[in-house]
Amino acid sequence: DTAVSQTPKYLVTQMGNDKSIKCEQNLGHDTMYWYKQDSKKFLKIMFSYNNKELIINETVPNRFSPKSPDKAHLNLHINSLELGDSAVYFCASSQLQLAGVSYEQYFGPGTRLTVT
Amino acid sequence: AQSVTQLGSHVSVSEGALVLLRCNYSSSVPPYLFWYVQYPNQGLQLLLKYTSAATLVKGINGFEAEFKKSETSFHLTKPSAHMRDAAEYFCAVSAYTGTASKLTFGTGTRLQVTL
């Protein structure tokens, strides 16, 4: 009965490689997000999708490309990985965010990416 | 623009003592405020949220928070700490900016509970 799931949980790879992280939610939500948590635990939003449409793109390098095949899935592909990409990446989902209303977000367990 | 400041990156309390984690926010529009908890190697779990209804909000695990507009604060409290409360706590503010609602987190407060 997992609400927001991510795969893989751990990802160790070398610089220059390309990798993907997958996210799925079974909550029936319309909005999904990717966050990056750095080594100091600081959380920052990267992307947000409403019904497969990109609505937030927070000045993330072009090497990061989110893809939403349907509203229950949001994947993150990273090209040419760099040392600075090492972090924990969290997927989240919420009800459709409307003008004047903000709903709580439900987070996945995270994917710890280590670039060597 | 919106931001959150959490005072104290690390708070230590004895088991049974009062827990007080401080959060001040800045928002150009009426804010929605949240507290999340992160246990080691886990994702974030919602503790409670403020959505402009009651200013005193009760959450899970005995936590509550009070919204004070005059002080732009949303401090988290729990009357009696338990060992299982040891975790990282994040305050967050969300505001609709015309295109989307964006959740902005504070830098987190690590709560340590000692015997």
Side-chain angles (χ1 to χ4, degrees), chain A residues 2-7 9-10 21 23-25 27 29-51 53-60 88-112 114, chain B residues 1-6 8-10 21 23 25 27-53 57 59-60 65 67 74 87-111:
Chain A
T2 304
V4 182
S5 59
Q6 294 178 230
T7 54
K9 189 167 174 63
Y10 299 96
I21 306 172
C23 177
E24 177 181 0
Q25 55 94 3
L27 297 167
H29 289 162
D30 293 285
T31 306
M32 296 186 72
Y33 313 80
W34 277 112
Y35 288 86
K36 180 180 180 179
Q37 186 175 47
D38 62 23
S39 59
K40 296 184 178 180
K41 299 281 190 181
F42 184 62
L43 274 154
K44 193 174 190 316
I45 189 166
M46 301 172 68
F47 302 103
S48 177
Y49 272 74
N50 262 358
N51 285 325
E53 178 187 356
L54 181 66
I55 56 169
I56 295 176
N57 184 341
E58 286 288 298
T59 60
V60 178
V88 181
Y89 292 85
F90 287 100
C91 177
S93 71
S94 73
Q95 294 182 56
L96 186 66
Q97 305 283 9
L98 301 171
V101 181
S102 286
Y103 295 101
E104 62 269 29
Q105 297 179 22
Y106 294 81
F107 285 77
T111 295
R112 183 175 294 276
T114 303
Chain B
Q2 56 195 40
S3 65
V4 171
T5 301
Q6 290 184 242
S9 59
H10 183 236
L21 304 183
C23 172
Y25 71 92
S27 177
S28 56
V29 297
Y32 285 71
L33 294 159
F34 305 84
W35 274 99
Y36 283 86
V37 61
Q38 184 179 26
Y39 298 102
N41 297 315
Q42 294 187 27
L44 280 75
Q45 180 183 4
L46 180 70
L47 274 178
L48 49 79
K49 61 180 179 180
Y50 167 76
T51 58
S52 75
V57 181
I60 62 172
F67 173 73
F74 190 56
E88 192 89 23
Y89 291 80
F90 293 93
C91 181
V93 60
S94 178
Y96 192 83
T97 57
T99 53
S101 286
K102 199 165 75 168
L103 198 59
T104 301
F105 285 89
T107 50
T109 297
R110 179 176 293 269
L111 176 65

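Each chain gets a letter, A, B and so on, in the order its sequence line appears, and its residues count up from 1.
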Asker: Does any non-hydrogen side-chain atom of B:K102 lie less than 4.5 Å from one of A:I56?
Answerer: yes
Asker: Check this for me: A:E58, atom CD, are more than 12 non-hydrogen atoms of other residues, nucleotides or ligands nearer than 6.0 Å?
Answerer: yes
Asker: Within the 4.5 Å heavy-atom criterion, are A:F107 and B:Q38 side-chain neighbours or not?
Answerer: no
Asker: A:Q37 versus B:F90: any side-chain heavy-atom pair under 4.5 Å?
Answerer: yes
Asker: Are any of the side-chain nitrogens in A:E104 or B:K49 under 4.0 Å away from the carboxylate oxygens of its partner?
Answerer: yes
Asker: Does any heavy atom of chain A fall under 4.5 Å from the side chain of B:F105, the backbone, both, or neither of them?
Answerer: both
Asker: Among B:L103, B:L46, B:N41, single out the residue with the greatest number of heavy-atom pairs under 4.5 Å to chain A.
Answerer: B:L103
Asker: Is A:K44 in contact with chain B via its backbone, its side chain, both, or neither, using a 4.5 Å heavy-atom distance?
Answerer: neither
Asker: Under the 3.5 angstrom rule, does the side chain of B:Y36 hit a backbone N or O of A:Q105 as a donor-acceptor pair?
Answerer: yes
Asker: Please identify each residue that fulfils side chain to side chain contact (heavy atoms under 4.5 Å, CB included) with A:Q95, with sequence neighbours left out.
Answerer: A:H29, A:Y103
Asker: Compare all side-chain heavy atoms of A:L43 with those of B:T107 and state whether any distance is below 4.5 angstrom.
Answerer: no
